**Student:** 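Right, I'll just put the structure down here and ask away after.
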Amino acid sequence: MEPEKTVPHLGKATTWNVNSLKVRLPQVLEWLSREKPDVACLQETKMPDAQFPHQAFRDIGYDAVWAGQPTYNGVAILSRSPIEIPQTSMDDHPDDHKRFLSARIGGVRVVNVYVPNGQDLDSPKFSYKLEWLERLARYLGSIRSGPDPVLLMGDFNIVPDDLDTWDPQGSKDQIFHSPPERKALAAIFGEGFSDLYRVLYPDRQEFSWWDYRMGNFHRNRGLRIDLILSTPTLTGACREVVIDRQARKHERPSDHVPVTVVFSA
DNA sequence: ATGACTTATACGATAAGA
């Protein structure tokens, strides 16, 4: 008789680029206490590891793993249930930028990414972005054959489709919208991952980021770049994806809002 | 309009974000 398979389960998982965890900590604590996701992936913590506020998260029922650095980047995974087998790198190449963190939680391989911005198509940072995405696709291909379903979430800094930008004409072939970036995202879809928001809502337009300048939030001039992807088992169990626009109305908000997926029991 | 806002670093101005 075969051993009974552990049923993977995550009820609710959130991704949020907080744009400085130091500044945003009170908002993050308040949001987590209210919404109670089982897992939360944070990006742009912008703090060295020694300053990570582990105890503040413990106090509200979350354990954490983190990979930070001063000033830039930085990622963390928070969880209400035990965090197993954390990985701070997607391959053997050392990475100066802390943009990747993964852990096994509830029988699911959770992957948190802060994809490089890229700046402009002719910038060296753009080449770095594409190379980083190629490495990510290879990593995803390698874990896809493993036993655990994969939940991939984070700030992708790519607009998947024209429906996901406020200005499809003006942004054509520009950074975040360019064919090479969309091709890199397509390679991840090619590894069996689905964009859960788009699977559930094929025609809906909501944004997860708005520029601080020009009253862009008030005018709803934004982008959907904070994505939740998963392999087929989890995709089939996905019931709802919520982009919490309200969080952008807070005093001193992040320019990104939390995006949450709810899975069926 | 190479802007506009916010952050870190450091205490003024610059780099970076998206």
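Just so it is clear, the structure is predicted and the values come from calculations on it, not from any experiment. By convention in this document, chain letters (A, B, ...) are assigned in the order of the sequence lines, proteins followed by strands, and residues within each chain are numbered from 1.
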**Student:** When the distance from CZ of R221(A) to C1' of dA4(B) is rounded to whole Å, what number comes out?
**Tutor:**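 Rounding to the nearest Å, CZ of R221(A) and C1' of dA4(B) are 12 Å apart.
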**Student:** Remember a base hit wins even if backbone is also touched, and classify N157(A) as base, sugar-phosphate or nothing at under 4.0 Å, heavy atoms.
**Tutor:**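 Sugar-phosphate only.
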**Student:** For the residue pair R109(A) and S102(A), confirm or rule out a side-chain donor-acceptor distance under 3.5 Å.
**Tutor:**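 Looking only at side-chain atoms, S102(A) and R109(A) do form a donor-acceptor pair, the distance falling under 3.5 Å.
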**Student:** Whole-Å distance between dT7(B) P and E251(A) CD?
**Tutor:**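 About 11 Å, once rounded to whole Å.
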**Student:** Whole angstroms only, please: what is the CZ-C1' distance between R99(A) and dG17(B)?
**Tutor:**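 It works out to 10 Å between those atoms.
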**Student:** I want to confirm an ordering. Mapping R213(A) and H97(A) to their closest nucleotides on DNA chain B, which one lands closer to the 5' end?
**Tutor:**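 The answer here is R213(A).
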**Student:** Apply ring-ring contact (aromatic ring centres under 6.0 Å, His included) to F217(A) and list each qualifying residue two or more places apart in sequence or on a separate chain.
**Tutor:**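 Only W210(A) meet the ring-ring contact (aromatic ring centres under 6.0 Å, His included) criterion with F217(A).
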**Student:** In whole angstrom, what separates L223(A)'s CG from dG17(B)'s P?
**Tutor:**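 In whole Å, dG17(B) P and L223(A) CG are 15 Å from each other.
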**Student:** Can you tell me, in whole Å, how much space there is between the C1' of dA8(B) and that of dG12(B)?
**Tutor:**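 It comes out at 13 Å once rounded to the nearest Å.
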**Student:** Taking ILVMFWY side chains as joined if any heavy atoms are under 4.5 angstrom apart, and letting links pass through other members, which residues group with V242(A)?
**Tutor:**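 V242(A) shares its hydrophobic cluster with no other residue.
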**Student:** Over all strands shown, is F156(A) touching base, sugar-phosphate only, or nothing at heavy-atom distances under 4.0 angstrom?
**Tutor:**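 Answer is nothing: F156(A) stays at 4.0 Å or more from every strand.
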**Student:** Under 4.0 Å between any heavy atoms, over every strand shown, what does I175(A) touch: base, sugar-phosphate, or nothing? Just pick one.
**Tutor:**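 The residue I175(A) makes no contact with any strand.
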**Student:** Return a single string for nucleotides 8-14 of chain B, one symbol per nucleotide in 5' to 3' order, where B is base contact, S is sugar-phosphate-only contact and - is none, cutoff 4.0 angstrom on heavy atoms.
**Tutor:** SS-----
**Student:** Rounded to the nearest angstrom, tell me the gap between atom CE in M214(A) and atom C1' in dT6(B).
**Tutor:**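 Nearest whole value for this atom pair: 13 Å.
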**Student:** Take atom CH2 of W209(A) and atom P of dC5(B), then tell me their distance rounded to the nearest Å.
**Tutor:**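 After rounding, the reported distance stands at 14 Å.
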**Student:** Pairs in or reaching into residues 76-102 of chain A: which pass ring pair (Phe, Tyr, Trp, His ring centres under 6.0 Å), with residues at least two apart or in two chains?
**Tutor:**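 The answer is H97(A)-Y128(A), F100(A)-Y139(A).
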**Student:** Remaining members of Y62(A)'s ILVMFWY cluster at a side-chain heavy-atom cut-off under 4.5 Å?
**Tutor:**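 Same cluster as Y62(A): W16(A), V18(A), L21(A), L25(A), V28(A), L29(A), W31(A), L32(A), L42(A), M47(A), F52(A), F57(A), I60(A), W66(A), L78(A).
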**Student:** Rounded to whole angstrom, note down the C1' distance from dT14(B) over to dA10(B).
**Tutor:**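 After rounding to an integer number of Å, I get 11 Å for this pair.
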**Student:** Going by the ring pair (Phe, Tyr, Trp, His ring centres under 6.0 Å) test, which pairs reach into residues 165-199 of chain A, not counting sequence neighbours?
**Tutor:**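 Residue pairs passing ring pair (Phe, Tyr, Trp, His ring centres under 6.0 Å), neighbours aside: Y197(A)-Y201(A).
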**Student:** In whole Å, I'd like the distance from the NE2 atom of H256(A) to the P atom of dT7(B).
**Tutor:**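 From H256(A) NE2 to dT7(B) P: 13 Å.
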**Student:** Write down the distance between CG (D226(A)) and C1' (dG17(B)), rounded to a whole number of angstrom.
**Tutor:**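 After rounding, the reported distance stands at 13 Å.
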**Student:** Roughly how many Å apart are dA1(B) and dA13(B), using the P atom of each and rounding to a whole number?
**Tutor:**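 These two P atoms come out 27 Å apart once rounded.
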**Student:** When you check the side-chain N and O atoms of D211(A) and N216(A), is any donor under 3.5 Å from an acceptor?
**Tutor:**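 The criterion, which ignores hydrogens and geometry beyond distance, is not satisfied for N216(A) and D211(A).
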**Student:** Cut-off 3.5 Å, side chains only: do N19(A) and S254(A) have a donor facing an acceptor?
**Tutor:**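 No, because no side-chain N or O of N19(A) sits under 3.5 Å from a partner of the opposite role on S254(A).
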**Student:** Pick the C1' atom in dG17(B) and in dT2(B), then give their distance to the nearest Å.
**Tutor:**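 16 Å, rounded to whole Å.
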**Student:** Please classify the nucleic acid contact of N216(A) as base, sugar-phosphate, or nothing, using heavy-atom distances under 4.0 Å.
**Tutor:**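 The residue N216(A) makes no contact with any strand.
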**Student:** Specify the residue among K125(A) and R24(A) whose closest nucleotide of DNA chain B lies further upstream toward the 5′ end.
**Tutor:**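 Closest to the 5' end, via its nearest nucleotide, is R24(A).
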**Student:** Is N17(A) touching bases, backbone alone, or none of the nucleic acid, heavy atoms closer than 4.0 Å?
**Tutor:**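 Sugar-phosphate, no base atom in range.
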